[in-house]
There are 2 protein chains.
Amino acid sequence: MIELDFRSHIPIYAQIVERIKHLIATEVIQSGDQLPTVRQLASELQVNFNTIARAYRMLDEAGVLSTQQGRGTYVLEPLLPQRAERLRESALEELTRSFLDEAARMGFTPDDVERVQAVLIKKRRSPSARDDG
Amino acid sequence: MIELDFRSHIPIYAQIVERIKHLIATEVIQSGDQLPTVRQLASELQVNFNTIARAYRMLDEAGVLSTQQGRGTYVLEPLLPQRAERLRESALEELTRSFLDEAARMGFTPDDVERVQAVLIKKRRSPSARDDG
DNA sequence: TGTCTCTTTGTAGCATTGTCTCATTGTACC
DNA sequence: GGTACAATGAGACAATGCTACAAAGAGACA
């Protein structure tokens, strides 16, 4: 359900936060659902359970999850539309920021990014164009 | 395993880079192997751990190693230089593609992405601009 | 019903890992 | 001599992992 990129220099806990936000945004997991325990998910992803705990804690502080010692971790009610929209916007910003960081780390300039991206977006807008890369 | 020539005018970090490349080329160390920690190797070679870190970072950027903060440093699959360049470009494509997918799944249009991204890139180009959210 | 014990949950503190920023050293050039 | 730059070193920092811990639930039993 969640995949990590250990080669990326985006911290593991940050990747997990993003993935979970995404799973909730796409309603793969929903309000009230229990998430895997820190140890379960840690074992599954081959990382330390404290790294999972850190991600859960950040999402807890962000009002997305509720972590309860001895009980587990649960998805909270969806936020009010207003707040949800703000969260959505900030999620996009964070996602974009990570993306730009990673590209920069790989030695690409913003121009490179915009160039490649423009092509890809164009393709998406005209689905007839085949991607025979 | 690695020996240095302190009298040589070749920088230490460069010597280390070469030695490690050689060790990988001769398969003394192989894909997936963990390298000594920066401090271990630094102690062994009697140099500062930052010098080792520098060598590791260069090899990371060259796609030879994967350095992971808090975890360690690992040998990656070897790549032919030719392939590496092609791979570099397609890696950016792949990164961009998954970024756009992710944004799309979150319900954002390419326009949304371009709008947010343009702002972020602009900020990066003029770091003086304050981020007053 | 109460409580005891064991298991399962998340938490906290510290050790280990690589990273960052700045200071120091040595060398090349003017 | 003075300046600029690269190489190295020192210390603080951030990310991850290990160990011990505390809180909550499940079952046994008086």
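Fair warning: this is a prediction, and the values are worked out from it, not measured in the lab. Proteins get letters first, then strands, A, B, ... in listed order; numbering begins at 1 in each.
- Look at CD1 on A:Ile52: it is 17 Å from P on C:dA12, rounded to the nearest Å.
- Take B:Gln68 and apply the side-chain hydrogen bond (donor to acceptor under 3.5 Å, both in side chains) test, not counting sequence neighbours, and it matches B:Ser66, B:Arg71.
- Without hydrogens or angle criteria, A:Gln30 side chain to A:Glu27 main chain gives a donor-acceptor distance under 3.5 Å.
- Judged purely by distance below 3.5 Å, without hydrogens or angles, the side chains of B:Gln117 and A:Thr96 never pair a donor atom with an acceptor atom.
- A donor-acceptor pair shorter than 3.5 Å can be found between the side chains of B:Thr109 and B:Asp112.
- With a cutoff of under 4.0 Å to any heavy atom of chain B, the contacted region of DNA chain D is bounded 5' to 3' by D:dA7 to D:dG17.
- Using a 4.5 Å cut-off on side-chain heavy atoms (C-beta onward), A:Ile16 and A:Ile20 make contact.
- Salt-bridge annotation for B:Arg115 and A:Glu89: present, with a side-chain N of the basic residue lying under 4.0 Å from a carboxylate O of the acidic one.
- At a threshold of 4.0 Å, the pair A:Asp60-A:Arg54 does not count as salt-bridged, since none of the basic side-chain nitrogens sits closer than that to a carboxylate oxygen.
- When the side chains of ILVMFWY residues are joined at heavy-atom separations under 4.5 Å, either directly or via intervening members, A:Ile121 and B:Phe108 end up in a single hydrophobic cluster.
- Mapping B:Tyr13 and A:Ile10 onto DNA chain D by nearest heavy atom places B:Tyr13 at the nucleotide closer to the 5' end.
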- Once base and sugar-phosphate atoms are separated, protein heavy atoms under 4.0 Å mark nucleotides 14-30 of chain C, 5' to 3', with B, S and - as ---BBBB----------
